[in-house]
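Beneath this line is the structure, given in C-alpha cells, with notes to follow.
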Amino acid sequence: MVPVFSPLEMIFVRGEGSRLWDQQGRDYIDFGAGVAVTSLGHGNPVLLKALQDQAAKLWHVSNYYTNEPALRLAKKLCEATFAEQVFFCNSGAEANEAALKLARKRGVDISPDKIEIVAFNGSFHGRTFFTVSVGGQPKYSSGMGPNPAGIVHVDYNDIEAARRVIGAKTCAVIVEPVVGEGGIIPAKPEFLKALRELCTANDAVLIYDEIQSGNGRTGALYAYMNGDVVPDILTTAKGIGGGFPIGVMLTTAAVGNHFKPGSHGSTFGGNPLACAVAEAAFDAIRDPALLASVRDKAERTAGRLRDMGARLGCFSEIRYQGLWIGCELSERFANRAGELIGKAAAHGVLALQAGPNVLRIATSLTITDDELDEGLRRLEAACAALTAG
Ligand SMILES: *Cc1c(COP(=O)(O)O)cnc(C)c1O
C-alpha cells in the first residue's frame, strides 16, 4: 500500500457494539468509532438487516436511473432539515467538492469575478486537491504545485477578520460549526451569526461542513440545530452511513438549481446499497430518545474526564459537544497526544487525535454504560502510564 498511513500493529477481525477484537483475540473498547463513522456501533443488527435485504435485491444501476433507497433517503433528509435538494456521493471530501463547485457555479452565474471562497485556519474539509486547498492546514495542501486560486483563510471565531475578507467577490464561506480534526473547538454563536449576516449581505452561500458534526454527534441531528443559524448548503458523511461509505450535500432549491444536468456527477453516488444502509442509520439517529441519551452520556463522560485530568494532571481542559470530546493535554505533556493514544491502545482502548495536543473521543452514539466505564478505566490506566513515565 502507498505509505500515506502508519497503522498501529493490531489487525481487527470482529466488532460488536463498542468492542473490537484483534487477530489474537484481544478486545478493545472503541472510543473512536472509526473516526466518528460507526455511529451505531459495530455489527448493528438493524443496519446489517438493511444491508442484507438490499444486497439481495439490487446493488447498483448508475445515475442514468434513480432508485428507491436514494429517493426515500433524499425525502427523509429534506423533511428533517432546511434542505430541499440533496446530492449523493461517497465521502466527505466529495460532498465538499460538490458544495464548493456549486458555490463557484452560482457565483459565476451572478458575476464572473464572484469566485472567492472564505475558509478558516485550522479547519479540515477533506483530501481532494480543492478541499485540502480550502482546508486551513497548509501541511495537507503544500508541496504539490499550484493550488486552486481564489481561496482566503482567516482565523476561526474571529468576526472582525471575517468581516474584512467577505465582500462582493465572495461566493461562499465554508465553516465547521465545531472544528473537529483541528481540536474540538466549538464556534462562538455570535461568530456563526456574523457569518450568516455577512453571507446574506454579500449574496454568498454559507456552507456548513457537518461531515463529522452531523448525524447526532453533538446530540442534535445536525449541529446547526444547536443554534439559530441556518446554512445554505450542508455537507455530511461519516456517521450517516453507520460505517458504509456515503456522502451527502444538502441545499435549497434556489442554490441547487444553479447545477444543471451534467454540471456535476458521480458513478457510485446514491447507489442503492449505501442509501439503504444510510436510511436505516438515519431513522435510528433521528430518534429523539437516542439524541437525548447522547447528550446525557456526553455530560457524564466529560465530567469523569475532568476528574481524571485533575487527579492525574494530564488534561488542562475538556471541551465537548455531544459524544465528541477533546481532552487538551496539560503543559507538562504538551504535544504528546500521539504517544497517549499509543498507550491507550496498549491498554485496550482506542481513541483519536485532534492535532498534536488533543486526545479526541468520538464513541458510537449507542455506547453502553458498561462499555463507557470499561473504556474510561482503561484510558485512566493509559494516562497514569503517561504521567508516571
Ligand atoms: C472527515 C472530514 C472530512 C473528509 O471526509 P472524507 O470522508 O474523509 O473525505 C471533511 N470535513 C470534515 C469536517 C471531516 O471531519
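Predicted model, so just to flag it, every value in this text is computed and none were measured. Order of appearance sets the numbers: ligands from 1, and atoms from 1 within every ligand.
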Salt bridge present between [X] and [Y] (N-O < 4.0 angstrom):
| X | Y | answer |
| --- | --- | --- |
| K76 | E79 | no |
| R378 | E374 | yes |
| R19 | D370 | no |

Is a side-chain donor-acceptor pair under 3.5 Å present for [Y] with [X]?
| X | Y | result |
| --- | --- | --- |
| T218 | N226 | yes |
| Q212 | E181 | yes |
| T200 | E197 | no |

Proximal protein residues to ligand 1, non-hydrogen atoms under 4.0 angstrom: S91, G92, A93, N96, F124, H125, G126, E176, D209, I211, Q212, K238

